[in-house]
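A quick note: this is a predicted structure, and the numbers were derived from the prediction, not measured. First listed ligand is number 1; within each ligand, the first listed atom is number 1.
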Amino acid sequence: MTLLFLFVLQIQAVEFAARGASIVSCGSNLLKVWDCTTGSCLFNLGLIGGDRASVGHKEKIIAMTVNPWQSCLVVTSGAKGDDKLLLWDALRGELDADLNSNLRTRDQVHPLVVAMEFCSENILACGSDCEYSGSAIVQLWDIESAESCLSFTANDSYITSLKVNPAGNTIITGAGDGTIGLFDIRTCGAINHLSVGSGFEVTSVSFSNCGTYFTASSTSNNTLVWDTRILPLNHGQIAHDSNDMRFSRPLHCLNHGKQMPTAEYAGQLPGHVDKGNQGVNDSRWLHRESILVTVSGDGSVALWNVTLGQPCIRHIFGHTRCINTIAIAPNDEYLCTGGDDQKIVLYHNKNGSTGSNWRLSHPLEDI
Ligand SMILES: *[C@@H]1O[C@H](CO)[C@@H](O)[C@H](O)[C@H]1NC(C)=O
Ligand SMILES: *[C@@H]1O[C@H](CO)[C@@H](O)[C@H](O)[C@H]1NC(C)=O
Ligand SMILES: *[C@@H]1O[C@H](CO)[C@@H](O)[C@H](O)[C@H]1NC(C)=O
Ligand SMILES: CC(=O)N[C@H]1CO[C@H](CO)[C@@H](O)[C@@H]1O
């Protein structure tokens with residue numbers, strides 16, 4: 001595995017775009033597009049002021065997603081006070097549309113989108129905070145008509161993460177009160193509610209690409225992995241058993257707060273992790289294998305083969321401060337992480353070999 005470092009603002013989110021040829025990152029209210037192979041910055045988007053007056057977000061970007069069906073299209077959501085959902089073209093390097101401008105002018109009270117993912121080419125699933133309605137809501141938006149098409153109550157707490165399963169029929173949400181919601185997209189009904197434990201906040205939820213597993217990472221420094229063969233995503237099957245702990249017990253609890261017992265790092269002394277740097281901030285699955293990649297507040301990345309009894313297969317330190325976000329290229333050849341140390345780190349993994357030893361760095365840009 002080889003590492004490529006790019007230096008920018010504190011990175012809140014990274015995604016691969018343009019079929020994996022580019023990386024989009026956001027820090028503060030800016031969006032950047034990088035060339036994945038050379039590491040050069042292709043576009044700086046969302047600059048406010050000067051001749052480009054009102055293009056972009058006035059406040060910090062709090063959520064970003066790429067349309068997998070048209071992977072040059074990126075949607076970003078701005079924090080409170082900005083409230084915009086903007087659609088960008090990462091290939092042309094420009095703003096395509098202000099998706100919710102109609103709603104913002106018509107309706108003073110609208111939920112803030114804090115997590116989102118496309119469930120089909122046109123339908124964007126959005127999860128909200130809980131400020132206006134008292135409870136967080138999930139919205140299914142048709143971005144072509146730019147009207148809110150469907151919305152339902154998700155939970156009493158604010159949503160922190162939202163994902164759609166590969167079949168496009170189930171939404172999973174993670175919330176600030178430690179609950180996980182599973183919803184049927186067609187009926188907008190709840191399938192199940194689970195918990196990572198009260199007192200913890202869910203930071204990230206995900207479905208594996210084979211559809212078999214789903215996960216929730218949290219501030220409690222671990223990631224829980226459930227197997228849908230044990231906990232079916234079918235309302236009828238679980239209706240009578242939802243209070244039976246056998247059916248909500250996770251397959252794995254992947255601890256990412258302490259040193260992993262891998263051969264590679266077995267000799268390393270514990271204690272290098274700063275106190276307070278706890279919690280797993282994000283997780284993603286490789287596309288072709290049931291390998292989960294988690295990133296932690298301690299600045300490390302862990303790879304887990306969930307089919308193994310001892311699932312940790314790799315533990316890499318790429319950041320000096322907490323990692324906020326991870327993305328995986330469509331061909332599984334690159335991983336990309338972004339952290340509070342203002343770095344984007346690109347990890348190249350050509351069929352597991354360590355590959356050529358390229359490693360580039362770029363100075364902080366003056367913007
Ligand atoms: C994180 O993991 C460490 C080591 O297992 C444990 O001692 C600690 O209590 C955990 N922290 C939380 C918040 O669960
Ligand atoms: C990541 O973890 C750190 C330390 O635990 C925390 O301070 C930070 O807010 C987290 N970031 C995100 C995006 O969850
Ligand atoms: C994951 O584990 C399975 C065995 O359960 C093995 O066949 C597969 O090669 C492993 N994958 C990786 C990437 O280690
Ligand atoms: C409104 C709603 O669906 N609330 C649910 C949030 O999660 C808890 C914990 O699992 C459920 O009991 C609530 O019904």
Side-chain angles (χ1 to χ4, degrees), residues 1-4 14-16 19-21 23 36-37 68 163 165-167 172 204-218 221-233 246-268 280-296 298-319 323 325-338 344-359:
M1 216 172 271
T2 51
L3 307 181
L4 167 65
V14 289
E15 292 288 352
F16 283 89
R19 297 187 176 149
I23 293 165
C36 183
T37 44
K163 291 285 175 355
N165 73 338
I172 182 169
S204 164
V205 286
S206 67
F207 276 110
S208 66
N209 278 60
C210 58
T212 306
Y213 307 101
F214 63 91
T215 69
S217 303
S218 74
N221 82 10
N222 61 44
T223 300
L224 301 177
V225 181
W226 283 274
D227 187 328
T228 59
R229 292 166 297 189
I230 301 167
L231 185 73
L233 296 179
R246 276 179 302 158
F247 294 93
S248 54
R249 188 180 296 157
L251 177 71
H252 289 292
C253 175
L254 308 175
N255 198 319
H256 194 160
K258 60 175 186 183
Q259 199 56 63
M260 306 299 154
T262 57
E264 193 181 354
Y265 283 93
Q268 198 169 326
V280 181
N281 275 343
D282 200 8
S283 61
R284 290 286 172 99
W285 293 85
L286 295 191
H287 298 89
R288 294 174 187 162
E289 287 177 286
S290 294
I291 307 289
L292 181 70
V293 188
T294 60
V295 296
S296 161
D298 69 3
S300 73
V301 178
L303 275 73
W304 313 85
N305 184 343
V306 299
T307 64
L308 301 175
Q310 294 278 328
C312 187
I313 54 171
R314 195 73 211 267
H315 193 206
I316 313 159
F317 279 84
H319 290 264
I323 308 183
T325 176
I326 168 138
I328 296 174
N331 62 4
D332 288 346
E333 220 179 89
Y334 293 96
L335 313 179
C336 182
T337 56
I344 297 173
V345 181
L346 191 61
Y347 313 76
H348 185 209
N349 188 6
K350 196 151 188 157
N351 303 324
S353 75
T354 27
S356 56
N357 203 17
W358 50 266
R359 177 170 162 165

### Query
For the residue pair Trp285 and Phe207, is the inter-centroid distance of their aromatic rings smaller than 6.0 Å?
no
### Query
Is atom 2 (O) of ligand 3 close to the protein, meaning a heavy atom under 4.0 Å from it?
yes
### Query
Do protein heavy atoms approach atom 7 (O) of ligand 3 to less than 4.0 Å?
no
### Task
Ignoring hydrogens and angles, tell me if any N or O in the side chain of Ser208 forms a donor-acceptor pair with the backbone of Tyr213 under 3.5 Å.
yes
### Query
Are any side-chain N or O atoms of Asn305 and backbone N or O atoms of Pro311, one a donor and one an acceptor, separated by less than 3.5 Å?
no
### Task
Return the residue, atom name and 0.1 Å-rounded distance of the protein heavy atom closest to atom 5 (O) of ligand 3.
Thr307 OG1, 2.8 Å
### Query
Can you tell me the protein heavy atom closest to atom 13 (C) of ligand 3 and the distance?
Glu289 OE2, 3.2 Å
### Message
Rounded at 0.5 Å granularity, tell me how far OG1 in Thr325 sits from CG in Asp282.
### Response
5.0 Å
### Heavy-atom nearest option to atom 10 (C) of ligand 3, drawn from Asn305, Leu286, Leu308
Asn305
### Message
Regarding Arg288 and Glu333, does a basic nitrogen lie under 4.0 Å from an acidic carboxylate oxygen?
### Response
no
### Message
Could you tell me, atom by atom, which parts of ligand 3 come under 4.0 Å of a heavy atom of Ile291?
### Response
12 (C), 13 (C)
